[in-house]
Amino acid sequence: DGGITQSPKYLFRKEGQNVTLSCEQNLNHDAMYWYRQDPGQGLRLIYYSQIVNDFQKGDIAEGYSVSREKKESFPLTVTSAQKNPTAFYLCASSIDPPGQGNQPQHFGDGTRLSIL
Amino acid sequence: GEDVEQSLFLSVREGDSSVINCTYTDSSSTYLYWYKQEPGAGLQLLTYIFSNMDMKQDQRLTVLLNKKDKHLSLRIADTQTGDSAIYFCAERFDSNTGKLIFGQGTTLQVKP
């Protein structure tokens, strides 16, 4: 079955440590997205990528970095510069190109990141 | 800027209809979506509506769009306990990037 796989499900970060969250999709989607979800809030866009080797900042990119070396993979690194990293992180993908009809985003099951 | 607002909580009895409301600010929205999130899980796409439509029905789900008032609603007929979840509306306002703006989510509680 095609889908989006996020790992790990739970992750703990020590002070001053960088951690990387994995997102892999086998849907052959061009576009991929990273969101952050805090309790009682909607999803906020961190980074997105419409094509391999290209990505753009979303609304809350500070303290995060991404790479898109392969179409199926879009890892997110939470750096030590992100002072409040505790949240639920969701990865999504959609078929591209945008602008040509409806391309809903499909989501993984998320990674919950906590500070030790 | 773009904004999507939802009420935070709705409680209904099993078998009743649920209506979850959403308002948005960007009149250039192309598609509007409803997603469901169960505890500890990702978002599941429920349904969507194109901005030139007024209504869309999909089994127990009915989506109504009032473009003049920028108001979107999701009606769930014969609500079941398995429908208990958080429901997010989202608008796609940027057709060049596919970016979505999400509301803060409505928690639906279904009482037996």
Side-chain angles (χ1 to χ4, degrees), chain A residues 3-10 21 23 25 27 29-51 54-61 87-112 114, chain B residues 1-9 20 22-26 28-53 56 58 61 63 65 72 85-107:
Chain A
I4 301 171
T5 302
Q6 290 188 243
S7 61
K9 193 169 177 63
Y10 300 97
L21 284 61
C23 178
Q25 55 97 1
L27 300 167
H29 285 173
D30 288 295
M32 297 186 75
Y33 309 80
W34 273 106
Y35 293 92
R36 171 182 171 136
Q37 185 180 22
D38 293 284
Q41 296 189 35
L43 277 66
R44 292 183 289 168
L45 184 65
I46 306 173
Y47 267 98
Y48 64 101
S49 167
Q50 294 180 256
I51 197 168
D54 187 46
F55 48 83
Q56 286 79 41
K57 292 182 179 179
D59 301 317
I60 55 164
F88 191 49
Y89 291 86
L90 287 159
C91 178
S93 70
S94 65
I95 199 165
D96 220 42
Q100 295 189 12
N102 177 34
Q103 294 105 28
Q105 292 181 20
H106 299 272
F107 285 80
D109 284 336
T111 293
R112 189 165 298 280
S114 302
Chain B
E2 307 83 16
D3 196 18
V4 178
E5 295 283 338
Q6 297 178 242
S7 53
L8 294 181
F9 187 79
I20 302 171
C22 173
T23 57
Y24 59 97
T25 56
D26 196 322
S28 61
S29 298
T30 54
Y31 286 91
L32 296 120
Y33 302 90
W34 283 104
Y35 285 89
K36 175 184 180 182
Q37 185 181 37
E38 297 186 6
L43 273 65
Q44 172 195 353
L45 177 67
L46 285 179
T47 187
Y48 64 91
I49 190 167
F50 187 47
S51 56
N52 69 353
M53 298 169 64
K56 180 178 181 182
D58 186 358
L61 305 178
V63 179
L65 176 60
L72 181 73
I86 303 175
Y87 290 81
F88 291 93
C89 69
E91 63 164 339
R92 179 182 165 186
F93 71 100
D94 185 344
S95 60
N96 291 321
T97 66
K99 284 173 62 177
L100 299 181
I101 300 294
F102 285 85
Q104 65 269 57
T106 299
T107 297

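The structure presented is a predicted model; accordingly, all values stated were derived computationally and were not measured. Convention: sequence-line order gives letters A, B, ...; per-chain numbering from 1.
Residue pairs that meet the salt bridge (charged side-chain N to carboxylate O under 4.0 Å, His left out) test with at least one member in residues 31-46 of chain B, sequence neighbours left out, are K36(B)-E38(B).
Atom OG1 of T47(B) is separated from atom CD1 of I49(B) by 7.5 Å, given to the nearest 0.5 angstrom.
With a 4.5 Å cut-off on non-hydrogen atoms, Y35(B) touches chain A through its side chain but not through its backbone. Both the backbone and the side chain of L43(A) have a heavy atom closer than 4.5 Å to some heavy atom of chain B. For Q6(A), no part sits under 4.5 Å from any heavy atom of chain B, backbone or side chain. Looking at L45(B), only its side chain comes within 4.5 Å of chain A, counting heavy atoms on both sides. In this structure, the portion of Q37(B) lying under 4.5 Å from any heavy atom of chain A is its side chain and not its backbone.
Neither side chain, Y48(A) nor Q105(A), offers a donor N or O lying under 3.5 Å from an acceptor on the other.
Here the side chain of T107(B) pairs no donor or acceptor atom with the backbone of F9(B) at under 3.5 angstrom.
When the side-chain contact (heavy atoms from CB on, under 4.5 Å) test is applied to Q104(B), the partners found at least two apart in sequence or on another chain are E5(B), Q6(B), L8(B).
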